[in-house]
2 protein chains.
Amino acid sequence: MAKRVSHRDSMCGVARPLDAIGDWWSLLIVRDAFDGKRRFGEFQKSLGLAKNILAARLRNLLAHGIMEAVPAADGSAYQDYVLTEKGRGLFPLLVALRQWGEDFFFEPDESHVLLVDRKNGLPVRRLELRAQDGRVVGAEDTMVRLP
Amino acid sequence: MAKRVSHRDSMCGVARPLDAIGDWWSLLIVRDAFDGKRRFGEFQKSLGLAKNILAARLRNLLAHGIMEAVPAADGSAYQDYVLTEKGRGLFPLLVALRQWGEDFFFEPDESHVLLVDRKNGLPVRRLELRAQDGRVVGAEDTMVRLP
DNA sequence: ACACCATGGTTTCAAATTAAAACCATGCAG
DNA sequence: CTGCATGGTTTTAATTTGAAACCATGGTGT
């Protein structure tokens, strides 16, 4: 898939983002970053992936402006890896992924973490796509159109 | 990443769905399926990927219940590959991906396809995550919590 | 009946990617 | 100066990928 980078211009609005993210690991790194993780070691321990792979994924995320390296918050000589504005833009995608997972990948009795409102601890609602007039729309109600 | 299938039980609510989807190609296949494509050849032509890879991805999507093979609608001896309920559940994820792409991967002047309401041809709104009380919430307003 | 072509795959094999492990570098604590 | 924690890079083998060739089935024209 990486080869596609060359003719990025021909890539559609779905393939381009996918190409930038890189792979599944990258998305899990981003998820961890949303959870407040910032250090190389934190990501590595949390995800259990090889250090060379983590280094490569971080490099890619930096190169695509999804994360950025900043001086470590604890004053140590190391770096923190934090989400950029662009990276934080992935929040809805991660929520969509999580909600799909809740719908289809857990037994009814199986417990799983919940995404909750900080204010009151209540679970958030489902993501909803609405038309201009406010109707909730599904795939059947939409189509893609040239500009 | 595939090795993780063995200890799926330890995978979190984000990693499990990712593992099931398989890879980027699979997501593009699903996107094409939402666009009405059903035949092996249609996917192959649209995505330009090798036939063996397409066959493998379709097998995986079938195995995970995201798509299913049905007798071809045109009466030919072949099969159609169509989304299951589970597969259709990926719609919000694809929308999130597309909207992120629109936000960060296109120049202001660059044109791209739009997701529009079938009823009236107007672009859909942005995906929004709301708390129980109806507030639109972002990453900062939420946290994950054990059940 | 026969060649011929379209569709939908599978097989083969070289090249790229991944992952585990070993190694290296830096900074700090005792 | 030794040892150890952190954050990587290098090395190497195994896996995955992808292009191309091949195969199978079912029409179509003649």
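Every chain is numbered from 1, with letters handed out A, B, ... down the list of sequences.
Arg118(B) CZ to Glu140(A) CD: the interatomic distance, rounded to the nearest 0.5 Å, is 9.0 Å.
Here the side chain of Ala77(A) is nearest to one of dG9(C), dT18(C), dG27(C), namely dG27(C). Of the candidates dG9(C), dT26(C), dT18(C), dT18(C) carries the atom nearest the Ile53(A) side chain, counting heavy atoms from C-beta on. Of all nucleotides listed (dT7(C), dA19(D), dT6(D)), dA19(D) comes nearest to the side chain of Ala50(B).
Between Asp32(A) and Arg38(A) there is no salt bridge, since no side-chain N of the basic residue sits under 4.0 Å from a carboxylate O of the acidic one. Look at Arg16(A) and Glu110(B) and you find a salt bridge, because one of the NZ, NE, NH1 or NH2 atoms lies within 4.0 Å of a carboxylate O, short of that distance. Ion pairing of Arg39(A) with Asp74(A) is present here, as a side-chain N (NZ or NE/NH1/NH2) and a carboxylate O approach within less than 4.0 Å.
Taking atom CG of Asn52(B) as the reference point, atom C1' of dA16(C) lies 15 Å away to the nearest angstrom. Residue Asp74(A) contributes atom CG, which lies 11 Å from atom C1' of dT6(D) at whole-angstrom precision. Atom CG of Leu54(A) is separated from atom P of dA21(C) by 17 Å (rounded to the nearest Å). Atoms CG (Leu49(B)) and C1' (dG18(D)) sit 9 Å apart, rounded to a whole Å. Summarising the geometry, the separation between CD on Gln79(A) and P on dG7(D) is reported as 10 Å, rounded to the nearest angstrom. Regarding Leu62(B), its CG atom lies at a distance of 14 Å from the P atom of dG8(C), rounded to whole Å. Between Arg57(A) atom CZ and dG7(D) atom C1' there is a gap of 18 Å when expressed in whole angstrom units. At whole-Å resolution of the value, NZ in Lys45(A) and P in dA5(D) are 13 Å apart.
Comparing Gly41(B) and Gly75(A) against DNA chain C, the residue whose closest nucleotide sits nearer the 5' end is Gly41(B). Mapping Tyr81(B) and Lys51(A) onto DNA chain C by nearest heavy atom places Tyr81(B) closer to the 5' end of the strand.
An OP1 or OP2 oxygen of dG8(D) is reached within less than 4.0 angstrom by no side-chain nitrogen or oxygen of Arg59(A). Residue Trp25(A) has no polar side-chain atom (N or O) positioned under 4.0 Å from OP1 or OP2 of dT18(C). Proximity of Arg39(B) to the phosphate of dG8(C): a side-chain N or O atom is located under 4.0 Å from OP1 or OP2.
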Side chains of residues 48-58 of chain A: which donor-acceptor pairs under 3.5 Å do they make with residues two or more places apart or in other chains?
{"residue": "Arg57(A)", "atom": "NE", "partner": "Asp23(A)", "partner atom": "OD1", "Å": "3.0"}
{"residue": "Arg57(A)", "atom": "NE", "partner": "Asp23(A)", "partner atom": "OD2", "Å": "2.9"}
{"residue": "Arg57(A)", "atom": "NH2", "partner": "Asp23(A)", "partner atom": "OD2", "Å": "3.2"}

